[in-house]
Structure formats: structure tokens, C-alpha cells
Amino acid sequence: KEFSCAAHTDSCALTLIVADKPGLECRDIRTGAWSEVPLGMGQVAVLAGRSSRSLDLNCDAACEHRVRTSASTRNSLAIDFYASAQDLSA
């Protein structure tokens with residue numbers, strides 16, 4: 001498989017992602033397996049970022065994710081939420 005966005009975690013506290021087609025995948029921290037996130041019209045994915053601990057969200061780890069390359073055009077929008085101005089420099 002090829003990926004248009006390599007595996008990574010976000011520095012923010014939370015990321016909201018909307019997309020018109022599947023392609024987003026998240027890694028299970030217990031097994032290491034990758035799973036497709038079923039995104040489509042009207043659906044939103046909420047991912048915990050590295051600074052989510054500062055919000056006391058009871059998250060063990062940031063969500064490692066990647067985006068699989070699609071044969072057709074995939075449109076998406078990611079909105080990052082930061083806990084404080086200090087997180088912007090992380």
C-alpha cells in the first residue's frame with residue numbers, strides 16, 4: 001500500500017477530521033494493527049493528540065494515524081485543537 005500521509009501523531013490535544021471517502025487508518029496501541037476509520041459524508045473522526053494529557057482526558061497515548069492513497073480524489077479537512085499556547089511550539 002502507498003500512503004499520501006505517512007504514519008504520525010499530532011502535537012495538538014484533539015484533531016477533528018472529516019472526509020468524503022475512506023483512507024484514514026489508525027494503529028491499535030495494544031496490537032499494533034492498522035484499522036480503517038469508516039469516514040464518509042456526515043461522519044467525523046476525533047483523534048487524541050500528544051498534548052491531550054494536559055486536558056486530563058484519560059488518554060493513554062496519542063492516536064497514531066496515516067492516510068492511504070486512493071485511486072480517486074479524496075477531500076478531507078483536519079481541525080486541530082490545542083490546550084494552550086505552549087502546545088503550539090511542541
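Computation of the quantities below employed the complete heavy-atom set of this structure, encompassing side-chain atoms and omitting hydrogens, waters and symmetry-equivalent molecules. We number each residue from 1, following the sequence as shown.
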(request) Measure the spacing between CD1 of I79 and CG of L14 and express it to the nearest 0.5 Å. (result) 12.0 Å

(request) Look only at the side chain of R74 and the backbone of K21, and say whether a donor-acceptor pair between them is shorter than 3.5 Å. (result) yes

(request) Indicate the atoms forming the closest heavy-atom contact of C12 with S51, along with that distance. (result) C-OG, 2.9 Å

(request) Supply the atom-to-atom distance D28 CG to W34 CH2, rounded to the nearest 0.5 angstrom. (result) 10.5 Å

(message) For a quick test of reading the model, state the closest non-hydrogen atom pair linking H65 to C63 and the distance between them.
(response) ND1-O, 2.9 Å

(request) Working to the nearest 0.5 Å, report the span between CZ of R50 and NE2 of H8. (result) 9.0 Å

(message) Using only atom types and a distance under 3.5 Å, with no angle test, would you say the side chain of T69 pairs donor to acceptor with the backbone of S4?
(response) yes

(request) List, by chain and number, the other hydrophobic cluster members for L47, where Ile, Leu, Val, Met, Phe, Trp and Tyr join if side-chain heavy atoms come within less than 4.5 Å, directly or indirectly. (result) I17, L24, V37, L39, V67

(message) To the closest 0.5 Å, what do you measure between OH (Y82) and CG (D10)?
(response) 7.5 Å

(message) Using the rule that Ile, Leu, Val, Met, Phe, Trp and Tyr join whenever any side-chain heavy atoms are under 4.5 Å apart, tell me whether V46 and F81 fall into a single cluster.
(response) yes

(message) Minimum heavy-atom separation for P22 and E36, please, with both atom names.
(response) CB-OE2, 3.3 Å

(message) Check whether D20 reaches the backbone of N75 with its side chain - one donor and one acceptor, N or O, closer than 3.5 Å.
(response) yes

(request) Return the minimal non-hydrogen interatomic distance between E25 and R66, and the atom names on each side. (result) OE1-NE, 2.6 Å

